[in-house]
Every structure is written in C-alpha cells, then in structure tokens.
Number of protein chains: 2
Amino acid sequence: MILIPLAPATTASVLAQRLREAIDAGRWRPGELVRQEQIAAEYGVSRIPVREALAQLQSEGLLEIAHYRGARVSRPRAVEIDELFDLRLLVEGDLLARALGRHDQRSLRELTRLQDRLEDADDRLGWISGDIAFHEALYGPAERPRSLALFRQLRAPIDRFSVQALGPGTRKQGWADEHRQLIAAVAASDAAAAQAILEQHLQATRAVVLAACSGDGEN
Amino acid sequence: MILIPLAPATTASVLAQRLREAIDAGRWRPGELVRQEQIAAEYGVSRIPVREALAQLQSEGLLEIAHYRGARVSRPRAVEIDELFDLRLLVEGDLLARALGRHDQRSLRELTRLQDRLEDADDRLGWISGDIAFHEALYGPAERPRSLALFRQLRAPIDRFSVQALGPGTRKQGWADEHRQLIAAVAASDAAAAQAILEQHLQATRAVVLAACSGDGEN
DNA sequence: CAGTCTGTTTTTGGATACAATTATCCTATG
DNA sequence: CATAGGATAATTGTATCCAAAAACAGACTG
C-alpha cells in the first residue's frame with residue numbers, strides 16, 4: 001500500500017522552502033532586494049508561484065514587501081531580536097512547564113535520540129533544523145499546537161543569525177550540554193531546574209545572536 | 001505639501017480586509033468552503049488577488065487551505081481558543097507591565113477618548129475594532145512592535161466569536177467598567193491592580209467566547 | 001550646479017488562458 | 001442494491017500577457 005501525500009507539494013510551497021533555506025544559509029543578505037523575475041528564471045518557473053512564496057515568507061517575517069517596490073530580506077534591528085527572545089522565554093517557558101509532567105519513557109528516548117543525531121550533524125543548517133526538532137519534541141507533550149506554531153514563528157527571523165553564530169570554535173558544546181541537562185531535568189520532573197536551564201539556554205543564545213546581528217550591518 | 005501614501009492599497013490587500021470583516025461579521029460560517037471564482041465574481045476581480053488575500057487570511061489563522069482542495073473558514077476547537085487566551089494572558093500581561101511606567105497625560109487622555117468613542121459605537125464590528133484600538137493604545141507605550149503584532153494575531157481567530165457574544169443584554173457594561181478600571185490603574189501606576197484587572201478582563205472574555213464557540217457547531 | 005520636469009525603462013500587480021488535480025456522477029458488475 | 005471503475009465536470013495551480021506604478025536618465029531652468 002502506497003501512502004499518497006495528503007497535500008502534494010505545489011510549486012509555490014517548495015519554492016518557499018527553498019527560499020527560506022537560502023535566507024538562513026545567508027545566500028541573501030539582509031536588506032538585499034529580491035527580484036521576482038530573477039527567482040523565476042533561477043528556478044525555471046513563472047512569477048506567480050514566486051509571488052506566493054514571497055508573500056508566505058513575508059508573513060513569516062523573513063521578508064518585507066512594499067507594494068510595487070519589491071521584497072527585501074528583513075534586517076531585524078537588535079532591539080527586535082531582543083524582543084523576540086523575551087517572547088520566546090514567555091512562550092517556551094510555558095510550553096516546557098506544561099510538557100513537564102507529560103513526558104514518558106518513549107518521549108524521553110526520542111529526545112535523547114534527536115540530541116544524538118543533532119551532535120552528529122556536521123552542517124550548520126542541519127544543526128538548526130535539528131535544534132528545532134529537539135525543542136518540538138521537548139514541548140510536544142504539552143499538546144499546545146498554537147503555542148508550538150508560535151514557537152516556530154518566533155524562531156524564524158532569528159535562526160538566520162544562529163547559523164552565523166554556529167561557526168567553528170563557538171558555543172556548540174555548551175549548547176549540547178544544556179540540551180542534555182534539559183533532558184535530565186525533564187526525566188526527573190524537576191520543574192524549577194528545567195525552567196532555569198531553559199532560561200540559561202535562551203539567554204546564552206540571545207547573547208550570541210545579538211552579537212551576530214549587530215556585527216552584520218548597520219544596527 | 002501633500003502626503004503620498006507609502007503603500008497604496010493593492011486589490012489583494014483591500015480584498016483581505018473585506019474578507020476579514022465578512023468572516024468576523026459571520027457572513028461565512030466556520031467550515032464553509034470559500035470558492036475563489038465566487039469571490040472573484042462577487043468583487044469583480046480576477047482570481048489572482050483573491051488567492052493572495054486568501055493566503056494572507058490563512059497566515060492569520062482565519063482560513064485553512066488545502067492544496068487543490070480549496071479554502072474553508074477555520075473552525076477553532078474550544079481547546080484551541082482556550083490556548084489562545086492563555087497566550088494572550090502571557091503576552092498582554094507582559095505588554096501591560098512594560099507599558100505601565102511609560103504612559104503620560106497625553107496617552108491617558110487618548111485612552112479615555114478611545115473608550116468614550118467605544119461606548120458610543122453602536123455596531124458590533126465597531127466595538128471590536130474599538131476594543132482593538134483601545135488595547136493597542138494601552139500597550140503602545142511599551143514600544144514592543146512584535147509583541148503588539150502578536151497581540152493582533154492572537155485576537156484574530158477569536159474576534160469572530162466575540163462579535164457573536166456581544167449581542168443584546170450581554171456583558172457590555174462589565175467590559176466597559178474593566179476598561180475604565182484599567183485606565184485608572186495605569187494612571188495610578190498600580191502594576192498589581194492593572195495585572196489583576198487585565199486578567200479578570202481576559203478571563204471573563206474567555207468564558208463568553210468559549211460559550212459562543214461551543215454553541216456554534218460541532219465542538 | 002542643484003533641482004525639477006519629462007520621457008523611457010524596469011518592475012510589480014492584475015487579467016486572461018491553460019494545465020493539473022480533485023470531486024462528481026454515471027454505468028457496469030458482483 | 002451496494003460498490004468499484006471510469007468518463008466528465010468543477011476547481012485549483014501555473015504560465016503568459018497586459019496595465020499600473022516606480023525607478024532611472026537626461027534635458028531644461030533657476
């Protein structure tokens with residue numbers, strides 16, 4: 001029996017995914033103007049799906065579109081990044097608290113497995129998607145779909161800089177340690193410890209990202 | 001000197017606004033299928049701007065779009081509405097706390113003015129937009145653009161039911177009282193009181209909206 | 001020489017036309 | 001008679017073409 005995809009990918013949707021990756025990978029710099037025709041030519045499609053993909057990325061906060069004036073990669077100011085981290089603390093703290101009593105052996109094994117894979121990955125984009133997967137598994141048992149969607153949304157404009165910050169000789173070890181500690185705290189159902197580690201994790205990431213963001217251009 | 005609009009309305013953007021209002025006004029019921037061609041004919045435009053408007057509304061959580069299968073008005077389950085209110089408590093509480101020390105005479109007068117206008121309005125949609133304006137003015141001094149955008153986003157799927165709940169003989173008086181109390185607490189810079197009133201305000205609204213949501217259909 | 005006006009070019013927004021996918025209905029068959 | 005199969009219609013996704021707006025360049029004027 002073959003499983004048919006419930007929502008077969010449309011040109012616009014795969015384009016959106018590609019463009020997201022391109023932005024995260026830094027192939028397009030913040031502030032850079034993105035021309036519809038150019039993308040259409042590059043991917044061999046017409047401008048219609050390009051426009052839909054751009055609109056999608058705009059709603060995710062990755063692009064800023066002005067009517068008749070084109071789309072440019074958004075250049076979040078440091079103060080906005082800061083605000084996003086404050087919101088992440090609120091939302092992820094809530095998610096973690098609610099997920100805490102709902103983890104079981106299976107979900108904990110899954111967390112460990114994801115973390116193992118994460119530490120094995122050797123490309124930066126893999127680290128990011130692995131980190132997202134880890135946190136989604138961490139918050140998943142809370143069964144809060146909208147909060148989880150919000151979590152993704154709050155990360156989207158940030159991850160671009162996280163990728164930069166994950167260069168050689170960076171915080172990768174401390175990052176992994178915090179994840180392991182999170183797993184331990186969840187396994188022990190230690191709410192206070194879990195919250196403290198999450199806060200530490202996000203604050204450390206905030207510092208790194210703010211540095212990358214500030215060093216990036218006029219900020 | 002004439003001020004030129006920085007972003008002249010495009011067909012898609014005004015369509016999105018119209019459709020939003022149509023949904024809030026209940027002209028389209030949750031679960032109802034929305035046909036591109038029908039909207040295009042109704043507004044005398046082609047399907048292209050219709051598609052863009054629909055995508056916009058999807059990103060706002062008002063519609064659910066499946067590829068090749070059409071868009072339908074989203075029917076949030078009660079548990080999701082509940083989650084949205086929890087998130088609102090987090091975000092709006094944070095906004096209110098940050099705005100508290102930053103209000104001045106001018107912003108307080110503006111709040112009062114908005115509340116006066118709100119109580120004078122006699123149509124339900126006016127109440128909703130007035131309520132949004134009031135809360136935006138309340139949180140504005142916090143200078144937290146992303147949080148404020150999030151506030152709007154969290155309300156969007158809810159307001160549909162608020163409109164229903166604002167029928168005759170409803171909570172309109174208590175609602176207004178809470179707003180007045182909020183103004184007073186802000187004027188007195190009483191953080192604890194402000195938080196308490198906001199929480200009371202949101203909890204009361206939650207109850208009303210959940211009732212409207214549950215009575216609406218299969219929930 | 002700065003600044004403004006105008007004509008041209010470029011780019012985006014929208015309309016029309018076509019292709020791909022899904023839903024509907026009708027028939028055949030057990 | 002219920003159901004599977006397939007032709008047909010309805011609907012969405014994409015490409016092509018046209019219109020509107022903005023960016024650009026160069027001439028004109030103070």
Side-chain angles (χ1 to χ4, degrees), chain A residues 1-20 22-23 28-75, chain B residues 1-20 22-23 28-75:
Chain A
M1 171 179 132
I2 297 171
L3 233 39
I4 286 112
L6 224 62
T10 182
T11 307
S13 63
V14 316
L15 244 183
Q17 184 54 34
R18 294 276 190 88
L19 300 188
R20 244 182 303 249
I23 291 177
W28 289 330
R29 292 298 172 76
E32 186 172 345
L33 220 73
V34 180
R35 299 271 171 225
Q36 299 177 1
E37 190 69 48
Q38 172 192 329
I39 300 172
E42 185 170 339
Y43 291 89
V45 298
S46 89
R47 272 175 43 230
I48 298 287
V50 172
R51 284 174 50 176
E52 297 195 357
L54 293 181
Q56 174 68 26
L57 294 183
Q58 176 187 37
S59 83
E60 294 171 15
L62 271 60
L63 294 178
E64 288 165 7
I65 301 182
H67 296 155
Y68 284 108
R69 219 163 298 190
R72 55 183 64 232
V73 181
S74 67
R75 179 205 305 283
Chain B
M1 173 181 129
I2 299 171
L3 231 40
I4 287 115
L6 224 62
T10 182
T11 307
S13 62
V14 315
L15 243 183
Q17 183 56 32
R18 294 278 190 88
L19 299 188
R20 243 181 302 249
I23 293 176
W28 289 329
R29 293 298 173 76
E32 185 171 347
L33 221 73
V34 180
R35 298 274 173 222
Q36 299 177 0
E37 189 68 48
Q38 172 191 331
I39 300 171
E42 186 170 340
Y43 291 89
V45 298
S46 90
R47 272 174 44 227
I48 299 289
V50 172
R51 289 172 56 90
E52 297 193 359
L54 293 181
Q56 173 68 26
L57 265 57
Q58 176 186 38
S59 83
E60 294 171 15
L62 270 61
L63 294 178
E64 289 165 6
I65 302 181
H67 296 155
Y68 284 107
R69 221 162 297 190
R72 55 183 64 234
V73 180
S74 66
R75 180 206 305 284

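Letters go in sequence order (proteins before strands), and every chain restarts at 1.
Salt bridge annotation for Glu64(B)-Arg75(B): absent, with no cationic side-chain nitrogen under 4.0 angstrom from a carboxylate oxygen.
Residues from residues 32-56 of chain B with heavy atoms under 4.0 angstrom of DNA chain C, sorted by number: Val45(B), Ser46(B), Ile48(B), Pro49(B). Contacts between residues 58-65 of chain A and DNA chain C, counted as heavy-atom distances below 4.0 Å, involve no residue at all.
Leu54(B) has its side chain within reach of Ile39(B): a pair of non-hydrogen atoms, C-beta onward, lies under 4.5 Å apart. Between Val34(B) and Arg72(B) there is no side-chain heavy-atom pair separated by less than 4.5 Å.
OP1 or OP2 of dT12(D) has not a single side-chain nitrogen or oxygen of Thr10(A) nearer than 4.0 Å. Contact check, Thr11(B) against dG13(C): no side-chain N or O comes under 4.0 Å of OP1 or OP2. In this model, the phosphate group of dA23(D) is approached by a side-chain N or O of Arg69(A) to a distance below 4.0 Å at OP1 or OP2.
Between the OH atom of Tyr68(A) and the C1' atom of dA21(D) there is a distance of 6 Å, rounded to whole Å.
The line from CG of Leu57(A) to CG of Leu15(A) is 9.0 Å long, rounded to the nearest 0.5 Å. Distance CG/Leu19(B) to CG/Leu63(B): 8.0 Å, rounded to 0.5 Å. For the atom pair CG of Leu33(B) and CD of Gln38(B), the computed distance is 9.5 Å after rounding to the nearest 0.5 Å. A distance of 10.0 Å separates CD of Gln17(B) from CD of Gln56(B), quoted to the nearest 0.5 Å.
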Which donor-acceptor pairs under 3.5 Å do the side chains of residues 43-50 of chain A make with protein atoms, sequence neighbours left out?
unit_1	atom_1	unit_2	atom_2	d
Ser46(A)	OG	Ile48(A)	N	3.2
Arg47(A)	NE	Gln36(A)	OE1	3.0
Arg47(A)	NH2	Gln36(A)	OE1	3.3

